[in-house]
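All heavy atoms count here, side chains included; hydrogens, waters and symmetry mates do not.
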Amino acid sequence: MRNGIPNLSALQAFEASARLGSFSRAAEELSLTHSAVYRQVASLEARLGVQLFTRVRRRIVLTDHGAEYAGRIRHHLDQIEKDTFGLVSRTGMGRSIHIAVVPTLATTWLIPRLPDFQQAEPDITVSLTVRTLPFQFKDQPFDGALYHGDGIWPGSQGVLLFPERELVPVCAPALLEQARARGGPLMAAMTHLHLASRPDAWRQWYDANGLLYGPSAAGGPRYDLFTMVMAAVQAGLGVGLIPRFLAQRALDEGRLVMPVPHVLQVRQGYYFGYPQHSERPGALKAFEAWLQVAAAEQAASRS
């Protein structure tokens, strides 16, 4: 018997309250009453002898100790959930892997190809969770990660699936016609759409092509995802700087156009990585092999 481990229900109540910032919202998520969640957290504090929250009127705020403990408990609960899901999957419907992904690549490149993987490996279940920032696998419940970067993450191993190569300016055909009708430099006549995670991309594009990066170009709206930038471009809201492989189909079909032929060469690429010091399960090996084939087929189609 592990007498040093608090009751799991109390830990779940504490983690939900810490994450949601409210006993009431935690109670709703856990299908409990407000008073039940409060009692669970209070009993946990009494058992630990540590104040986890400060209570100011109807608000709860994590203490420093509470914030640190919440992060650790969240990690372990995630791992329990992953292990449970994996066990059920292996015994009931096959093998499973949990992959962290960058959202745009997942929705525009990976998911449309996943039916091919399911057909080839019908007993493997692939779950996807969005992560936009680098992380350490020991702190997250993932078997692998599909990410954008300059190379393999420290403490991990993996493969380069394909380089990004270049970003291209794209806009809606109607917006280009409007810019031409106004006269003057085409780019200056269009609102520049920016990706929040690459705030200097337009500046780099202007510098690489010997053009002046002025306030009008810098002042455009920011979006969190390339899919948002693409949607805004297609809606005629401005000109976006998009990886060519994401924009190529729309360019080929005439739904988007390049107002000028200048591009920005980039060194980054899309990688598949996994923990360095662990034995890879067979399902992860199969997924990596399939990813490499899919990436090679894409590269061959562009050549």
Side-chain angles (χ1 to χ4, degrees), residues 99-113 128-137 140 142-170 192-211 213 217-218 220-233 239-251 256 258 260-276 287-288 290-303:
I99 307 298
V101 293
V102 286
T104 297
L105 189 70
T107 56
T108 62
W109 187 84
L110 176 59
I111 291 176
R113 290 169 169 80
L128 305 177
T129 298
V130 168
R131 287 293 184 275
T132 57
L133 297 175
F135 60 83
Q136 294 186 351
F137 282 103
Q140 298 289 336
F142 300 118
D143 299 295
L146 189 60
Y147 60 92
H148 174 268
D150 295 306
I152 302 296
W153 287 343
S156 68
Q157 57 186 332
V159 294
L160 170 66
L161 294 178
F162 52 87
E164 195 169 54
R165 298 191 187 281
E166 60 186 21
L167 304 181
V168 298
V170 293
H192 288 50
L193 309 178
H194 299 259
L195 184 69
S197 60
R198 304 194 197 186
D200 295 325
W202 271 119
R203 181 188 300 277
Q204 293 167 357
W205 181 88
Y206 272 85
D207 290 344
N209 292 288
L211 303 172
Y213 183 67
R222 268 69 176 163
Y223 298 91
D224 278 346
L225 306 175
F226 269 131
T227 48
M228 294 180 177
V229 177
M230 283 283 285
V233 167
V239 58
L241 201 55
I242 305 290
R244 182 181 286 278
F245 82 93
L246 291 178
Q248 193 60 57
R249 175 173 292 184
L251 290 170
L256 295 179
M258 290 179 59
V260 292
H262 310 309
V263 303
L264 174 63
Q265 300 293 331
V266 293
R267 297 179 301 167
Q268 293 85 2
Y270 292 91
Y271 292 81
F272 181 64
Y274 37 86
Q276 187 172 36
F287 188 63
E288 179 186 24
W290 173 80
L291 281 174
Q292 290 179 285
V293 171
E297 290 175 348
Q298 174 184 287
S301 69
R302 293 206 310 259
S303 60

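Taking each heavy atom of Q265 and R165 in turn, the nearest pair found is OE1-O, 3.2 Å. Listed here is the closest heavy atom pair of G273 and F137: O-CZ, 3.5 Å. Closest approach of P221 and L193 over heavy atoms only: CG-CD2, 3.6 Å. Listed here is the closest heavy atom pair of F135 and A145: CZ-CB, 4.0 Å. What you find for A106 and V101 is that their closest heavy atoms are CB-CG2, 3.7 Å. When all heavy atoms of V229 and Y223 are compared, the closest pair comes out as CG2-CB, 3.9 Å.
Side-chain atoms of Y147 come within 3.5 Å of backbone atoms of W153 as a donor-acceptor pair (strictly under, hydrogens ignored). Of the possible donor and acceptor atoms, one in the side chain of T104 sits under 3.5 Å from a partner among the backbone N and O of F226. Side-chain atoms of Q157 come within 3.5 Å of backbone N or O of Q276 as a donor-acceptor pair. The closest donor-acceptor contact from the side chain of W205 to the backbone of L211 lies at 3.5 Å or more, if one exists at all. Side-chain atoms of R244 never come within 3.5 Å of backbone atoms of I242 as a donor-acceptor pair (strictly under, hydrogens ignored).
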Next on the checklist: I'd like to know whether V239 forms a side chain to side chain contact (heavy atoms under 4.5 Å, CB included) with V170, so could you lay out the CA-CA distance, the side-chain angles of the two residues, the decisive distance to 0.1 Å, and finally the verdict.
Outcome noted: CA-CA 6 Å; V239 58; V170 293; 5.8 Å; no
Next on the checklist: ring-ring contact (aromatic ring centres under 6.0 Å, His included) for Y206 and H192? Distances and angles first, verdict last.
Outcome noted: CA-CA 12 Å; Y206 272 85; H192 288 50; 5.7 Å; yes
Next on the checklist: Test side chain to side chain contact (heavy atoms under 4.5 Å, CB included) on Q140 and R131; report intermediate values, then the result.
Outcome noted: CA-CA 10 Å; Q140 298 289 336; R131 287 293 184 275; 3.6 Å; yes
Next on the checklist: The test is side chain to side chain contact (heavy atoms under 4.5 Å, CB included); show your working for H148 and R198 and say whether it passes.
Outcome noted: CA-CA 12 Å; H148 174 268; R198 304 194 197 186; 3.0 Å; yes
Next on the checklist: Checking I111 against L128 for the side chain to side chain contact (heavy atoms under 4.5 Å, CB included) test, could you report, in this order, the C-alpha distance in whole Å, the side-chain angles of both residues, the deciding distance, and whether it holds?
Outcome noted: CA-CA 9 Å; I111 291 176; L128 305 177; 3.9 Å; yes
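Taking the six-membered ring where the residue is Trp, the centroids of F162 and W109 are separated by under 6.0 Å. Two rings, from F142 and Y274, have their centers 6.0 Å or more apart.
R203 and H194 share no side-chain donor-acceptor pair at under 3.5 Å.
A salt bridge does not link R267 to E166: none of the charged side-chain nitrogens sits closer than 4.0 Å to a carboxylate oxygen.
To the nearest 0.5 Å, atom CG of residue L241 and atom CG of residue L195 are 9.5 Å apart. Rounding to the nearest 0.5 Å gives a distance of 9.0 Å between OG1 of T227 and CE of M230. For the atom pair CD (Q268) and CG (L160), the distance works out to 11.5 Å, reported to the nearest 0.5 Å. Considering CD of E288 and CD1 of I99, their distance stands at 10.0 Å, rounded to 0.5 Å. To the nearest 0.5 Å, atom CG of residue L246 and atom CG of residue L167 are 9.5 Å apart.
When each of L105, L146, L110 is checked for a side-chain contact (heavy atoms from CB on, under 4.5 Å) with L161, only L146 meets the rule.
Atom CZ of R113 has more than 12 heavy atoms from other residues, nucleotides or ligands within 6.0 Å.
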